[in-house]
Amino acid sequence: MDNRPTWTSRYTFIVTAIGSAVGLGNIWRFPYVMGQNGGAIFLAVYILLISTICFIPLINELYVGKLTKKECIGAYESINPKFKFLGALNPITGIIIASFYFIVGGWIINYISKSCISYQIQDYESYFSELIQTPVYSCVLTLIFLFICIFVVARGIKNGIEKVNKILMPLLALILLFLVIVSLNLPNSEKGLEYMFKPDFSKLNFQMVLAALGQAFFTLSIGMGALLTYGSYIKEDKSLVKSVYTIIISDTAFAILAGIMIFPAVFSFNLEPNSGAGLVFVTLPRIFSQIPCGNIVSLLFFILLFCAAITSGISIIEGPCATLIERCKISRVKACTILFFVIALLAIPATLSFGTLSNIKILDKSIFDFLDFITSNLMLPLNALFLCLISGWYLKIKSHNIISNKFVMFLFDIGLKFVVPIALLCLIIMGLK
Ligand code: PFF
């Protein structure tokens with residue numbers, strides 16, 4: 001296709017790829033998964049995995065996009081027409097992820113508006129559960145967040161996705177640094193740092209290693225074609241490996257900084273670091289209400305979360321959007337309109353599953369938990385697994401010289417063919433238990 005968009009520069013590609021990676025996974029999910037899995041030792045395993053095993057599928061996905069210059073289905077098809085169906089699983093995964101990721105985006109919008117007004121909440125736990133159970137309001141919030149993401153994607157690569165990332169990513173970094181300083185200045189903050197950086201080896205176990213691996217895949221946006229699509233817009237990048245390391249290092253830095261922002265605050269107020277998904281929506285607002293200028297800190301924190309969620313949200317939509325544009329030969333605006341309704345159709349029941357539809361269970365899970373479960377535990381790792389095997393065994397990526405050092409390329413090939421597929425298989429099997 002001649003009129004396929006391309007990135008304006010290598011810089012904008014890297015910033016948007018980092019924007020995709022740095023999301024709720026870093027600021028909302030990473031701290032609580034780390035909190036539930038023993039703190040520092042989880043961090044050590046996570047860093048080890050993200051800089052070795054996860055490097056392989058990340059570079060693979062970007063490279064397949066860059067090589068084929070097609071959206072997901074076309075990219076798989078051009079390797080072998082038999083793989084078309086596997087390619088189609090990527091945009092489907094994206095649509096399902098969008099339907100629950102954007103619900104959390106909606107909650108963030110609520111907390112931003114709340115922080116602008118006042119922070120007179122009596123019981124943070126019941127406030128949060130009331131919020132997610134209020135049917136019309138929570139659906140409206142989800143739809144607002146969805147609309148914002150769709151709007152950016154509809155404006156195109158240059159005027160939408162690149163522009164938003166170029167503004168929001170530096171803003172995100174600045175706010176994060178400021179909040180880290182605030183948190184480190186709270187009394188007893190060193191206890192939080194100790195929790196983050198002093199490993200307790202007794203907490204090391206297989207389950208935790210898999211949790212770290214799952215988190216690493218999710219945060220790097222591997223396995224749903226978002227990166228493949230972003231890769232397909234690369235004009236020329238002689239050093240894809242360098243770009244990938246920049247993405248990984250930045251993503252990890254954001255996650256660690258998010259931890260440094262959250263744990264010292266949590267320990268400073270003698271709260272539990274392992275309170276799960278509510279850490280950001282219950283524990284932190286409680287802390288904000290007790291510190292000087294808490295409203296401003298709260299507002300900044302939720303703007304930070306919002307920026308992170310938007311830049312990832314648009315990357316989730318761009319994959320299915322590119323597929324619709326290129327397969328159905330329709331305009332970007334039309335593709336985005338269709339996606340808005342399709343995602344809304346899934347997102348509304350998922351939003352209602354906290355209240356009105358809470359009695360509907362699939363595999364003993366609420367609709368929200370079910371969608372999260374099948375994508376995070378099954379579809380994302382499965383898509384990544386297929387693409388590694390396809391590249392390793394069919395595309396014969398070994399002969400493509402992605403990495404100039406022959407020995408590293410040999411290791412990369414072994415990783416693609418054996419190590420990563422086995423790791424992913426373990427993740428899938430344990431995740432389905
Ligand atoms: N990486 C994003 C995060 O950490 O929140 C989530 C995500 C975005 C997953 C895009 C998958 C994806 F394709």
Side-chain angles (χ1 to χ4, degrees), residues 15-34 46 50 54 57-58 60-62 64-65 71-72 75 87 89-105 107-108 145-146 149 152-153 161 164-165 168-169 172 176 211-233 244 247-248 250-259 277 280 304-323 339 343 371-384 387:
V15 171
T16 29
I18 295 173
S20 170
V22 176
L24 297 176
N26 301 61
I27 301 165
W28 172 57
R29 199 168 184 269
F30 177 80
Y32 84 73
V33 176
M34 182 173 164
Y46 174 83
I50 210 162
C54 298
L58 179 57
N60 181 41
E61 204 177 313
L62 283 168
V64 170
E71 50 67 51
C72 293
L89 279 179
N90 286 272
I92 294 174
T93 310
I95 289 172
I96 302 178
I97 290 191
S99 65
F100 68 85
Y101 198 85
F102 292 4
I103 295 173
V104 184
W107 299 340
I108 298 169
F145 190 84
L146 168 62
C149 291
V152 175
V153 175
I161 299 180
V164 164
N165 274 285
L168 295 192
M169 289 314 287
L172 199 154
L176 186 56
L213 192 64
Q215 171 62 22
F217 274 100
F218 184 79
T219 189
L220 290 177
S221 311
I222 297 169
M224 53 150 279
L227 293 174
L228 189 150
T229 312
Y230 274 10
S232 74
Y233 301 145
V244 166
I247 297 167
I248 288 184
S250 312
D251 183 71
T252 311
F254 273 103
I256 293 176
L257 285 172
V280 156
L304 167 85
L305 262 188
F306 181 75
C307 296
I310 286 285
T311 52
S312 295
I314 55 186
S315 79
I316 297 176
I317 290 182
E318 180 55 24
C321 178
T323 297
L339 281 174
I343 295 171
L371 296 178
D372 180 7
F373 173 78
I374 52 159
T375 48
S376 308
N377 293 7
L378 190 65
M379 296 177 84
L380 282 177
L382 213 52
N383 289 335
L387 195 58

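Note that ligands are numbered from 1 as they come in the structure, with each ligand's atoms numbered from 1 the same way.
Although no hydrogens or angles enter the test, the distance criterion places no donor-acceptor pair under 3.5 Å between the side chain of Tyr101 and the main chain of Ile316. Between the side chain of Ser221 and the main chain of Ser20, a donor-acceptor pair closer than 3.5 Å is present.
Between Tyr32 and Trp28, the angle of the ring planes goes over 60°, which puts this pair in the perpendicular group of the 30/60° scheme.
With sequence neighbours left out, the ring pair (Phe, Tyr, Trp, His ring centres under 6.0 Å) criterion links Phe218 to no other residue. Every residue two or more places apart in sequence or in another chain that forms a side chain to side chain contact (heavy atoms under 4.5 Å, CB included) with Val164 is listed here: Val152, Leu168, Ile310, Ile314. Legend: residues meeting side chain to side chain contact (heavy atoms under 4.5 Å, CB included) with Thr252, ordered by chain and number and at least two apart, are Tyr46, Ile47, Ile50, Ile248, Ile256.
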Need the list: ligand 1 N/O atoms against protein N/O atoms, distance under 3.5 Å, rounded to one decimal.
residue, atom, partner, partner atom, Å
ligand 1, 1 (N), Ser20, O, 3.1
ligand 1, 1 (N), Ala21, O, 3.1
ligand 1, 1 (N), Phe218, O, 3.1
ligand 1, 1 (N), Thr219, O, 3.0
ligand 1, 1 (N), Ser221, OG, 3.0
ligand 1, 4 (O), Ala21, O, 3.0
ligand 1, 4 (O), Gly25, N, 3.3
ligand 1, 4 (O), Asn26, OD1, 3.4
ligand 1, 5 (O), Leu24, N, 3.0
ligand 1, 5 (O), Gly25, N, 2.7
ligand 1, 5 (O), Tyr101, OH, 2.6

